[in-house]
Protein chains: 2
Amino acid sequence: MSAVRKTESTGLDGEPADLPEPLPEPDIADLRLEAILGALADSLRLTIVRKLMLEAQAYDHPCGWFGLDRPKSSLTHHFKALREAGIIRQRQYGLERRSRLRRGDLEARFPGLLALVASWQPPSDKK
Amino acid sequence: MSAVRKTESTGLDGEPADLPEPLPEPDIADLRLEAILGALADSLRLTIVRKLMLEAQAYDHPCGWFGLDRPKSSLTHHFKALREAGIIRQRQYGLERRSRLRRGDLEARFPGLLALVASWQPPSDKK
DNA sequence: AGTATAGTACGATAAAACTCGTATAGGAGC
DNA sequence: GCTCCTATACGAGTTTTATCGTACTATACT
(Lines give C-alpha, C1' and ligand atoms only; values in the text may rest on other atoms or scores of the structure.)
Protein backbone atom coordinates (compact mmCIF):
# COMPACT_ATOMS: atom_id res chain seq x y z
CA MET A 1 0.00 0.00 0.00
CA SER A 2 1.28 3.45 -0.81
CA ALA A 3 1.62 6.15 1.78
CA VAL A 4 -1.48 8.22 2.32
CA ARG A 5 -1.11 11.82 3.35
CA LYS A 6 -2.92 12.60 6.55
CA THR A 7 -2.61 16.29 7.21
CA GLU A 8 -4.82 16.18 10.27
CA SER A 9 -7.00 13.54 11.78
CA THR A 10 -9.19 11.59 9.43
CA GLY A 11 -12.64 10.13 9.86
CA LEU A 12 -14.53 7.29 8.25
CA ASP A 13 -13.43 6.01 4.89
CA GLY A 14 -10.51 8.44 4.78
CA GLU A 15 -12.60 11.57 5.03
CA PRO A 16 -11.54 14.66 6.91
CA ALA A 17 -12.89 14.55 10.43
CA ASP A 18 -14.24 18.09 10.63
CA LEU A 19 -17.58 17.30 9.04
CA PRO A 20 -21.07 17.00 10.46
CA GLU A 21 -21.79 13.63 11.96
CA PRO A 22 -23.12 11.17 9.38
CA LEU A 23 -26.69 10.01 9.69
CA PRO A 24 -27.10 6.47 11.03
CA GLU A 25 -25.56 3.90 8.71
CA PRO A 26 -24.23 0.36 8.92
CA ASP A 27 -20.62 -0.09 9.88
CA ILE A 28 -18.37 -1.40 7.15
CA ALA A 29 -18.18 -4.77 8.86
CA ASP A 30 -21.95 -5.04 8.85
CA LEU A 31 -22.48 -4.46 5.15
CA ARG A 32 -24.59 -7.27 3.71
CA LEU A 33 -24.39 -8.14 0.06
CA GLU A 34 -28.07 -9.11 -0.01
CA ALA A 35 -29.08 -5.70 1.30
CA ILE A 36 -26.80 -3.87 -1.09
CA LEU A 37 -27.98 -5.77 -4.12
CA GLY A 38 -31.55 -5.12 -3.07
CA ALA A 39 -30.90 -1.42 -2.82
CA LEU A 40 -29.33 -1.39 -6.26
CA ALA A 41 -32.14 -3.37 -7.88
CA ASP A 42 -33.90 -0.23 -9.02
CA SER A 43 -33.14 2.01 -11.93
CA LEU A 44 -33.66 5.26 -10.08
CA ARG A 45 -31.25 4.22 -7.37
CA LEU A 46 -28.77 2.92 -9.88
CA THR A 47 -28.97 6.31 -11.54
CA ILE A 48 -28.21 8.01 -8.26
CA VAL A 49 -25.25 5.79 -7.45
CA ARG A 50 -23.89 5.95 -10.94
CA LYS A 51 -24.07 9.73 -10.96
CA LEU A 52 -22.37 9.92 -7.59
CA MET A 53 -19.67 7.66 -8.86
CA LEU A 54 -19.01 9.29 -12.19
CA GLU A 55 -19.89 12.93 -11.75
CA ALA A 56 -19.40 13.80 -8.12
CA GLN A 57 -16.91 16.61 -7.97
CA ALA A 58 -16.31 18.25 -4.64
CA TYR A 59 -17.84 15.40 -2.63
CA ASP A 60 -21.21 15.51 -0.97
CA HIS A 61 -24.09 16.54 -3.14
CA PRO A 62 -27.56 17.61 -2.09
CA CYS A 63 -30.60 15.86 -3.36
CA GLY A 64 -31.38 18.57 -5.90
CA TRP A 65 -28.02 18.17 -7.62
CA PHE A 66 -29.17 14.89 -9.12
CA GLY A 67 -31.93 16.51 -11.15
CA LEU A 68 -34.40 13.72 -10.53
CA ASP A 69 -37.95 14.31 -11.61
CA ARG A 70 -39.81 12.80 -8.69
CA PRO A 71 -41.66 14.16 -5.71
CA LYS A 72 -39.41 15.05 -2.84
CA SER A 73 -40.93 12.53 -0.50
CA SER A 74 -40.12 9.80 -2.99
CA LEU A 75 -36.54 10.91 -3.22
CA THR A 76 -36.19 10.91 0.55
CA HIS A 77 -37.34 7.32 0.48
CA HIS A 78 -34.76 6.22 -2.07
CA PHE A 79 -31.84 8.06 -0.52
CA LYS A 80 -32.72 6.53 2.80
CA ALA A 81 -32.78 3.07 1.24
CA LEU A 82 -29.31 3.62 -0.16
CA ARG A 83 -27.99 4.91 3.13
CA GLU A 84 -29.45 2.10 5.21
CA ALA A 85 -27.97 -0.45 2.86
CA GLY A 86 -24.59 1.21 3.37
CA ILE A 87 -24.09 2.51 -0.14
CA ILE A 88 -24.12 6.21 0.53
CA ARG A 89 -23.26 8.37 3.51
CA GLN A 90 -25.42 11.38 4.31
CA ARG A 91 -24.58 14.44 6.32
CA GLN A 92 -26.61 17.45 7.26
CA TYR A 93 -25.17 20.76 6.04
CA GLY A 94 -27.52 23.42 7.26
CA LEU A 95 -30.58 23.07 5.12
CA GLU A 96 -29.20 20.44 2.88
CA ARG A 97 -28.64 16.79 3.46
CA ARG A 98 -25.78 15.86 1.23
CA SER A 99 -24.76 12.46 0.02
CA ARG A 100 -21.58 10.81 -1.02
CA LEU A 101 -20.76 7.32 -2.13
CA ARG A 102 -19.06 5.05 0.41
CA ARG A 103 -16.65 4.20 -2.31
CA GLY A 104 -13.77 2.96 -0.22
CA ASP A 105 -15.96 0.85 2.01
CA LEU A 106 -17.77 -0.72 -0.91
CA GLU A 107 -14.64 -1.43 -2.87
CA ALA A 108 -13.03 -2.96 0.18
CA ARG A 109 -15.91 -5.27 0.94
CA PHE A 110 -17.26 -5.94 -2.54
CA PRO A 111 -14.53 -5.31 -5.08
CA GLY A 112 -15.91 -4.93 -8.57
CA LEU A 113 -19.41 -4.04 -7.51
CA LEU A 114 -19.06 -0.38 -8.36
CA ALA A 115 -17.61 -1.20 -11.75
CA LEU A 116 -20.85 -2.99 -12.54
CA VAL A 117 -22.83 0.07 -11.60
CA ALA A 118 -20.55 2.27 -13.66
CA SER A 119 -21.14 0.23 -16.76
CA TRP A 120 -24.88 0.15 -16.30
CA GLN A 121 -27.05 1.99 -18.77
CA PRO A 122 -30.58 3.03 -17.95
CA PRO A 123 -33.38 1.46 -20.00
CA SER A 124 -34.46 3.55 -22.98
CA ASP A 125 -36.83 5.62 -20.83
CA LYS A 126 -35.43 6.58 -17.48
CA LYS A 127 -39.04 6.61 -16.17
CA MET B 1 -9.86 -14.78 -28.58
CA SER B 2 -8.47 -18.26 -28.47
CA ALA B 3 -9.80 -21.09 -30.60
CA VAL B 4 -12.66 -23.03 -29.09
CA ARG B 5 -13.08 -26.64 -29.92
CA LYS B 6 -16.47 -27.42 -31.32
CA THR B 7 -16.77 -31.15 -31.82
CA GLU B 8 -20.35 -30.94 -33.05
CA SER B 9 -22.87 -28.17 -33.21
CA THR B 10 -23.24 -26.08 -30.11
CA GLY B 11 -26.21 -24.41 -28.54
CA LEU B 12 -26.66 -21.45 -26.23
CA ASP B 13 -23.74 -20.35 -24.14
CA GLY B 14 -21.50 -23.00 -25.65
CA GLU B 15 -23.59 -25.93 -24.59
CA PRO B 16 -24.04 -29.06 -26.66
CA ALA B 17 -27.13 -28.75 -28.83
CA ASP B 18 -28.66 -32.13 -28.10
CA LEU B 19 -30.38 -31.13 -24.92
CA PRO B 20 -34.02 -30.54 -24.07
CA GLU B 21 -35.22 -27.07 -24.97
CA PRO B 22 -34.64 -24.61 -22.14
CA LEU B 23 -37.62 -23.17 -20.38
CA PRO B 24 -38.46 -19.57 -21.32
CA GLU B 25 -35.68 -17.21 -20.37
CA PRO B 26 -34.46 -13.78 -21.40
CA ASP B 27 -32.04 -13.56 -24.26
CA ILE B 28 -28.54 -12.50 -23.35
CA ALA B 29 -29.11 -9.12 -24.94
CA ASP B 30 -32.15 -8.55 -22.76
CA LEU B 31 -30.50 -9.19 -19.42
CA ARG B 32 -31.16 -6.28 -17.10
CA LEU B 33 -28.83 -5.51 -14.26
CA GLU B 34 -31.72 -4.27 -12.12
CA ALA B 35 -33.55 -7.56 -12.50
CA ILE B 36 -30.47 -9.61 -11.83
CA LEU B 37 -29.54 -7.69 -8.73
CA GLY B 38 -33.10 -8.03 -7.53
CA ALA B 39 -33.00 -11.76 -8.01
CA LEU B 40 -29.74 -11.99 -6.10
CA ALA B 41 -30.94 -9.85 -3.22
CA ASP B 42 -31.96 -12.86 -1.20
CA SER B 43 -29.86 -15.24 0.82
CA LEU B 44 -31.58 -18.40 -0.33
CA ARG B 45 -31.11 -17.48 -3.96
CA LEU B 46 -27.54 -16.44 -3.36
CA THR B 47 -27.00 -19.85 -1.80
CA ILE B 48 -28.40 -21.52 -4.89
CA VAL B 49 -26.29 -19.51 -7.29
CA ARG B 50 -23.17 -19.87 -5.23
CA LYS B 51 -23.59 -23.60 -5.02
CA LEU B 52 -24.15 -23.85 -8.75
CA MET B 53 -21.05 -21.83 -9.32
CA LEU B 54 -18.72 -23.60 -6.93
CA GLU B 55 -19.98 -27.14 -6.70
CA ALA B 56 -21.72 -27.96 -9.94
CA GLN B 57 -19.98 -30.92 -11.44
CA ALA B 58 -21.58 -32.53 -14.45
CA TYR B 59 -23.71 -29.49 -15.25
CA ASP B 60 -27.46 -29.36 -14.69
CA HIS B 61 -28.62 -30.20 -11.24
CA PRO B 62 -32.14 -30.94 -10.09
CA CYS B 63 -33.76 -29.03 -7.32
CA GLY B 64 -33.15 -31.72 -4.75
CA TRP B 65 -29.40 -31.64 -5.27
CA PHE B 66 -29.22 -28.32 -3.48
CA GLY B 67 -30.42 -29.79 -0.22
CA LEU B 68 -32.58 -26.81 0.64
CA ASP B 69 -34.87 -27.18 3.59
CA ARG B 70 -37.95 -25.46 2.24
CA PRO B 71 -41.28 -26.59 0.88
CA LYS B 72 -41.18 -27.58 -2.74
CA SER B 73 -43.56 -24.86 -3.82
CA SER B 74 -41.25 -22.27 -2.29
CA LEU B 75 -38.30 -23.65 -4.15
CA THR B 76 -40.18 -23.57 -7.43
CA HIS B 77 -40.81 -19.91 -6.78
CA HIS B 78 -37.16 -19.09 -6.21
CA PHE B 79 -35.82 -21.08 -9.12
CA LYS B 80 -38.32 -19.40 -11.36
CA ALA B 81 -37.21 -16.00 -10.13
CA LEU B 82 -33.61 -16.85 -10.98
CA ARG B 83 -34.54 -18.16 -14.39
CA GLU B 84 -36.71 -15.20 -15.32
CA ALA B 85 -33.95 -12.82 -14.31
CA GLY B 86 -31.62 -14.73 -16.62
CA ILE B 87 -29.29 -16.14 -14.01
CA ILE B 88 -29.98 -19.81 -14.46
CA ARG B 89 -31.16 -21.97 -17.34
CA GLN B 90 -33.62 -24.76 -16.68
CA ARG B 91 -34.31 -27.83 -18.76
CA GLN B 92 -36.75 -30.65 -18.28
CA TYR B 93 -35.16 -34.10 -18.03
CA GLY B 94 -37.97 -36.51 -17.58
CA LEU B 95 -39.23 -35.93 -14.11
CA GLU B 96 -36.57 -33.52 -13.16
CA ARG B 97 -36.15 -29.90 -14.00
CA ARG B 98 -32.47 -29.27 -13.87
CA SER B 99 -30.69 -25.99 -13.53
CA ARG B 100 -27.36 -24.64 -14.55
CA LEU B 101 -25.79 -21.25 -14.19
CA ARG B 102 -25.71 -19.05 -17.29
CA ARG B 103 -22.11 -18.45 -16.46
CA GLY B 104 -20.87 -17.38 -19.86
CA ASP B 105 -23.77 -15.04 -20.47
CA LEU B 106 -23.45 -13.43 -17.08
CA GLU B 107 -19.73 -13.02 -17.29
CA ALA B 108 -20.06 -11.52 -20.75
CA ARG B 109 -22.67 -9.00 -19.79
CA PHE B 110 -21.71 -8.30 -16.18
CA PRO B 111 -18.08 -9.20 -15.66
CA GLY B 112 -17.21 -9.55 -12.01
CA LEU B 113 -20.74 -10.15 -10.84
CA LEU B 114 -20.25 -13.85 -10.26
CA ALA B 115 -17.05 -13.22 -8.35
CA LEU B 116 -19.11 -11.21 -5.88
CA VAL B 117 -21.49 -14.09 -5.43
CA ALA B 118 -18.60 -16.51 -5.00
CA SER B 119 -17.14 -14.48 -2.18
CA TRP B 120 -20.46 -14.12 -0.41
CA GLN B 121 -20.93 -15.86 2.90
CA PRO B 122 -24.35 -16.61 4.29
CA PRO B 123 -25.30 -14.89 7.55
CA SER B 124 -24.58 -16.94 10.66
CA ASP B 125 -27.90 -18.78 10.39
CA LYS B 126 -28.80 -19.77 6.85
CA LYS B 127 -32.49 -19.55 7.89
C1' DA C 1 -51.99 -50.94 -14.01
C1' DG C 2 -50.53 -49.21 -9.78
C1' DT C 3 -47.31 -46.66 -7.03
C1' DA C 4 -43.67 -43.66 -6.02
C1' DT C 5 -41.31 -39.49 -7.34
C1' DA C 6 -39.94 -34.53 -8.88
C1' DG C 7 -41.71 -30.78 -9.37
C1' DT C 8 -45.54 -27.42 -11.00
C1' DA C 9 -49.97 -24.66 -10.64
C1' DC C 10 -53.07 -22.37 -8.10
C1' DG C 11 -54.39 -19.61 -4.57
C1' DA C 12 -54.55 -17.49 -0.05
C1' DT C 13 -52.18 -14.89 3.31
C1' DA C 14 -48.85 -11.94 4.93
C1' DA C 15 -45.02 -8.95 4.70
C1' DA C 16 -42.37 -5.64 2.38
C1' DA C 17 -41.59 -2.02 -0.88
C1' DC C 18 -42.97 1.85 -3.87
C1' DT C 19 -45.37 6.27 -4.67
C1' DC C 20 -46.63 10.39 -3.31
C1' DG C 21 -49.80 14.08 -1.02
C1' DT C 22 -49.82 16.86 2.88
C1' DA C 23 -48.01 18.69 6.88
C1' DT C 24 -43.95 19.97 9.32
C1' DA C 25 -39.18 21.20 10.82
C1' DG C 26 -35.51 24.26 10.79
C1' DG C 27 -31.75 27.04 8.97
C1' DA C 28 -30.97 31.27 5.78
C1' DG C 29 -31.81 35.76 4.51
C1' DC C 30 -34.35 40.02 4.45
C1' DG D 1 -40.22 38.24 13.00
C1' DC D 2 -41.51 36.62 8.53
C1' DT D 3 -40.76 34.16 4.48
C1' DC D 4 -38.28 31.08 1.49
C1' DC D 5 -36.09 26.90 0.89
C1' DT D 6 -34.44 21.89 1.38
C1' DA D 7 -35.76 18.12 2.94
C1' DT D 8 -38.12 14.96 6.43
C1' DA D 9 -42.13 12.64 8.73
C1' DC D 10 -46.31 10.63 8.55
C1' DG D 11 -49.69 8.10 6.51
C1' DA D 12 -52.60 6.05 2.93
C1' DG D 13 -53.15 3.53 -1.16
C1' DT D 14 -51.04 0.45 -4.39
C1' DT D 15 -48.05 -3.01 -6.02
C1' DT D 16 -44.74 -6.51 -5.51
C1' DT D 17 -42.70 -10.30 -3.24
C1' DA D 18 -42.41 -14.11 -0.12
C1' DT D 19 -44.28 -18.25 2.04
C1' DC D 20 -46.37 -22.38 1.71
C1' DG D 21 -50.54 -25.74 1.77
C1' DT D 22 -53.14 -28.43 -1.33
C1' DA D 23 -54.09 -30.46 -5.52
C1' DC D 24 -52.26 -31.98 -9.60
C1' DT D 25 -49.22 -33.55 -13.72
C1' DA D 26 -46.04 -36.34 -15.81
C1' DT D 27 -42.55 -39.71 -15.75
C1' DA D 28 -40.27 -43.87 -13.95
C1' DC D 29 -40.42 -48.32 -12.03
C1' DT D 30 -42.16 -52.72 -10.68
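All chains are named by letter (A, B, ...) in the order of the sequence lines, taking the proteins before the strands, and each is independently numbered beginning at 1. Heavy-atom basis, side chains included; hydrogens, waters and symmetry copies ignored.
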When the distance from [atom1] of [X] to [atom2] of [N] is rounded to whole Å, what number comes out?
X: B:Arg91; N: C:dA6; atom1: CZ; atom2: C1'; value: 19 Å
X: A:Leu68; N: D:dA7; atom1: CG; atom2: P; value: 11 Å
X: A:Leu23; N: D:dT6; atom1: CG; atom2: P; value: 18 Å
X: A:Lys72; N: D:dA9; atom1: NZ; atom2: C1'; value: 13 Å
X: A:Glu34; N: C:dA16; atom1: CD; atom2: P; value: 15 Å
X: A:Gln92; N: D:dT8; atom1: CD; atom2: P; value: 7 Å
X: B:Leu37; N: D:dT17; atom1: CG; atom2: P; value: 14 Å
X: B:Leu75; N: D:dA18; atom1: CG; atom2: P; value: 13 Å

Please tell me which of the listed nucleotides, D:dA7, C:dA6, C:dT8, lies nearest to the side chain of B:Glu96?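 Among D:dA7, C:dA6, C:dT8, the one nearest the side chain of B:Glu96 is C:dA6.
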Under 4.0 Å between a side-chain N/O of B:Arg45 and OP1 or OP2 of D:dA18, yes or no?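 Looking at the OP1 and OP2 atoms of D:dA18, one of them is under 4.0 Å from a side-chain N or O of B:Arg45.
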Give a yes/no answer on whether the side chain of B:Arg97 brings an N or O atom under 4.0 Å of OP1 or OP2 in C:dT8.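 It does, given that an N or O in the side chain of B:Arg97 lies less than 4.0 Å from OP1 or OP2 of C:dT8.
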Looking just at side-chain N and O atoms, do A:Gln92 and A:Arg97 make a donor-acceptor pair shorter than 3.5 Å?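 Distance-only check passes for A:Gln92 and A:Arg97.
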Quick one: are [X] and [Y] in side-chain contact, heavy atoms under 4.5 Å?
X: B:Trp120; Y: B:Thr47; result: yes
X: B:Arg91; Y: B:Leu23; result: no
X: A:Pro26; Y: A:Arg32; result: no

Filter on ring pair (Phe, Tyr, Trp, His ring centres under 6.0 Å), then keep only pairs touching residues 64-111 of chain B, sequence neighbours left out; what's left?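 Qualifying pairs, neighbours excluded: B:His61-B:Trp65, B:Phe66-B:Phe79.
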Can you tabulate the close N/O pairs, meaning under 3.5 Å, that link protein atoms to atoms of nucleotides 20-27 of chain D?
from: D:dG21; atom 1: N7; to: B:Ser73; atom 2: OG; distance (Å): 3.1
from: D:dG21; atom 1: O6; to: B:Ser73; atom 2: OG; distance (Å): 3.1

For [X], what residues pass the salt bridge (charged side-chain N to carboxylate O under 4.0 Å, His left out) criterion, not counting sequence neighbours?
X: A:Lys51; value: A:Glu55
X: A:Arg109; value: none
X: B:Arg103; value: none

Please list, in numerical order, the residues of residues 78-87 of chain B that have a heavy atom closer than 4.0 Å to any atom of DNA chain C.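 Residues of residues 78-87 of chain B that come under 4.0 Å of DNA chain C do not exist, since none gets that close.
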Between A:Asp42 and B:Trp65, which residue's closest nucleotide on DNA chain C lies nearer the 5′ terminus?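 The residue mapped nearer the 5' terminus is B:Trp65.
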Closer than 4.0 angstrom, basic N to acidic O: yes or no for B:Arg89 and B:Glu25?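 Judged by the 4.0 Å cut-off on N to carboxylate O distance, B:Arg89 and B:Glu25 do form a salt bridge.
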